[in-house]
Structures are given as C-alpha cells and as structure tokens.
Amino acid sequence: MLEDSFGRQFHYLRLSITEACNFRCQYCLPDGYQGPSSDSFLSVNEIQTLLSAFAQLGTSKVRITGGEPTLRRDFLDVLHLTAQTPGIERIAMTTHGARMSAHAKQWKDAGLHQVNVSIDSLDPRQFAAITGQDKLKEVLAGLDAAANAGLDVKVNTVLLNDFSDARLHRFLAWLKEMPVTLRFIELMETGDLPQFFNQQHQSGGPIKQTLLAQGWQPIVKRKDAGPAQEFFHPDYAGKIGLIMPYSKDFCKSCNRLRVAANGKLHLCLFSEHGIDMRHLLADGDVAGLKQFLIECLGQKHEAHYLHDGNTGATTHLAMLGG
C-alpha cells in the first residue's frame, strides 16, 4: 500500500489522459484550449504500465479525467484497459457530459461505474455564459442516459460569488426527484486566473450550515471516496456534497494521487510542479515505477499551500482534471 510519512494511505488515482477540452468555462479555460497537441499525452501502453504499478501498490479506484477525456479517440480503449487491470475495483470519470446521452451505455458496458458531470447552473442562459457552450439540454439528457445505464451519477457545480439563494433553491428543488449527488465545489486559485479567484471565490461553509439547519445529515465516507463531505435528506431523492479545500484539516484525509496527461506525478493538486516519470512509463518498467512511487511518497507535504496563494504547476484546472 502506498503510504506517506504522515500515515495517509492512497487508494485512489486521478489519471488525466488529455488536457484538451471544447468547453470554455470561466474558471478554467475562458479563452478555449491552447495547450499541447494530443501526441504529447500518455499512450495506451504507457497507461497500462502506470495502472499496473498503482494497482499492485493497493490502488483500487481510478478516476479518468481531462480536460475532457472523451475527446481522445482511444477513450474506450483506455476504459477497457482500466477495467481489466487486476486490483482496480472502481472506475469513475469526470466529463462535461455533452456526449453522454449517446455513449453512457457503451461506457457502462466497458467497465465504468461512476460519472461526474459539471453543471454550474440549471438556467440555460447562465449555463452558456459560464461554459461558453449552449448545451445544458444535451447535458441533462446525458444525466438521464447515465442513470438509465446504471451509472452512479454525481454533478459538480463550482461556487462563485454570483451564486445566489435562487440558484441554491433551484438545485434543491431539482434534487427532490433527481437521484444524483450534487457537489458544491469552492473555486480554487490557479496560476492563470488569480484576479478571477479574488473576485469570485465563495466559501462553502454557509451552505453547509444552511443544509444542517434544514435537516440534511452527514454520510459516512467510503475508504476510496474523494474529498467531499456528503449529506442526505429523507425527503430528497438526491444527495449533496461539499468540497471545501480552504477548510481546516482538508488535507488530513487525503487518499488520492494525480498523474497528468504528460506523465508527471503530482503528489498534490497545487503544492509542486510535478515529478517526471515518463522514462519509466516508456520502458514499461512496472517494478521500477513501483519503487519510484514509494520513494516519491516521502516527499508529499502535509497540506497544500493554497492559503499562501501558491498554486504550484496548476495554471488551469484542465491540466489535471481537478
């Protein structure tokens, strides 16, 4: 089992397979994707080496991220490969959801268990303003297709300063009948958008207090769960999660490592600039990679440095899929 010097064990790998995305979200890629071409990202063979090493070291959950991971032409090959890796028990994916209505069943059949979809507003005009794409109708149809296919569906929405009580009430009304988990995520500072962060960051604390006052109750976490604090209410079909990276002790329960699409290991989303291991992946050296990962865990810090304004290598969230 991968374990750091603070006793935290790492069951969960977030694997980015591309930085490219065709949405232009205000908090991520407001000017569109302008990064490296697809030939600079990990190949299927390199991904196989990576997954084998992590699985042999106790990783049981993999989240496939981007950018938008489904933009890779070999996305299904990556999904099949992940599902066939011994030791990997749960596969999740983060997506903007615009292609999901046509492909959800195919993804489920390939081994996907969970899908996380970004929906920052249920108002079509506001959704288009935030994402740069007028595709809320297609995304909502994708949620239905994913639920019908038997996928566990979570919806992510980023808290911004213009997040009004009306938006919260609209989401709550939607969850009365919609059996998904809606996660409110605090905006995190990135290197490209410090001014946007200063203008728009909103704490999730007040929403948590509102939920508790309305009878929402905490849910006990799975060992491979992400950082969300989740809540349920007996009168609602859906659940709510809160991801608050600026809250006290946020990093204490960290159980995940990240690998970027360029093959760099990130011990934290924000605290460092990535550790190159492409040479081990290119050589297919599973044993060498396992030893490398064990040694790298000794470098992991106790916490991120977001409170100090240090965003590390993360110039935009599409680099690592969050």
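In what follows, residues are counted from 1 in the order of the sequence shown. Please read all numbers here as calculations on a predicted model, not as lab measurements.
Classified by interplanar angle (parallel below 30°, tilted 30° to 60°, perpendicular above 60°), the ring pair Trp107/Phe75 is perpendicular. Using a 30° and 60° split on the angle between ring planes, Phe171 and Trp174 fall in the perpendicular class, above 60°.
Transitive grouping of hydrophobic side chains (ILVMFWY, heavy atoms separated by less than 4.5 Å) brings Val62 and Leu76 into a common cluster. At a threshold of 4.5 Å between side-chain heavy atoms, the hydrophobic network of Ile, Leu, Val, Met, Phe, Trp and Tyr places Met178 and Phe232 in two separate groups. Residues Leu71 and Leu29 are members of separate hydrophobic clusters, defined by side-chain heavy-atom contacts under 4.5 angstrom among Ile, Leu, Val, Met, Phe, Trp and Tyr. At a threshold of 4.5 Å between side-chain heavy atoms, the hydrophobic network of Ile, Leu, Val, Met, Phe, Trp and Tyr places Phe10 and Leu265 in one connected group.
At least one side-chain heavy atom of Arg170 sits less than 4.5 Å from a side-chain heavy atom of Asp123.
Using modelled atom types, one side-chain atom of Asp120 and one backbone atom of Val158 make a donor-acceptor pair closer than 3.5 Å. At least one donor-acceptor pair under 3.5 Å links the side chain of Glu46 to the backbone N or O of Ser43. No donor-acceptor pair under 3.5 Å is formed between the side chain of Asp74 and the backbone N or O of Asp77. A donor-acceptor pair is defined here as one N or O able to donate and one able to accept, closer than 3.5 Å; no such pair exists between the side chain of Gln114 and the backbone of Lys154. Here the side chain of Thr95 pairs no donor or acceptor atom with the backbone of Val117 at under 3.5 angstrom. Side-chain N or O atoms of Gln133 include one that pairs as donor or acceptor with a backbone N or O of Asn22 at under 3.5 Å. A donor-acceptor contact shorter than 3.5 Å links the side chain of Lys300 to the backbone of Leu267. Between the side chain of Gln229 and the main chain of Leu242, no donor-acceptor pair closer than 3.5 Å is present. Looking only at distances, no side-chain donor or acceptor of Arg183 sits under 3.5 Å from a matching main-chain atom of Ala228. Within the 3.5 Å criterion, the main-chain N or O of Cys21 finds no donor-acceptor partner in the side chain of His96.
Minimum interatomic distance between Val44 and Leu81 (heavy atoms only, all atoms of both residues): O-CD2, 3.6 Å. Minimum heavy-atom separation, Ala55 to Thr85: CB-CG2, 3.9 Å. Summarising the geometry of Ser37 relative to Ser40, their closest heavy-atom pair is O-OG, 2.8 Å, with the distance given to 0.1 Å. The minimum heavy-atom distance linking Glu19 with Ala261 is given by the pair N-CB, 4.2 Å. Nearest heavy-atom pair, Lys264 versus Asn262, reported as atom, atom and distance to 0.1 Å: N-OD1, 3.1 Å. The two residues Lys239 and Ile219 come nearest to each other via the heavy atoms CD-CD1, 3.5 Å.
Environment of NZ in Lys137: sparse, with no more than 12 heavy atoms of neighbouring residues, nucleotides or ligands closer than 6.0 Å. The neighbour count for Lys176 NZ, taken as heavy atoms of other residues, nucleotides or ligands under 6.0 Å away, is above 12.
Partner of Tyr12 under the side-chain hydrogen bond (donor to acceptor under 3.5 Å, both in side chains) criterion, chosen from Arg256, Arg258, Arg63: Arg63. A side-chain contact (heavy atoms from CB on, under 4.5 Å) with Thr82 is found for exactly one of Ile88, Leu15, Leu13, Leu112, namely Ile88.
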side-chain contact (heavy atoms from CB on, under 4.5 Å) evaluation trace for Leu175 with His233: CA-CA 10 Å; Leu175 289 176; His233 194 293; over 6 Å; no
Intermediate values then yes/no, side-chain contact (heavy atoms from CB on, under 4.5 Å), Met100 and Leu143: CA-CA 7 Å; Met100 199 157 59; Leu143 292 185; 4.0 Å; yes
Working for side-chain contact (heavy atoms from CB on, under 4.5 Å), residues Ile240 and Phe184: CA-CA 8 Å; Ile240 289 179; Phe184 296 107; 4.0 Å; yes
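Residues that satisfy the side-chain contact (heavy atoms from CB on, under 4.5 Å) test with His279, not counting sequence neighbours, are absent from this structure.
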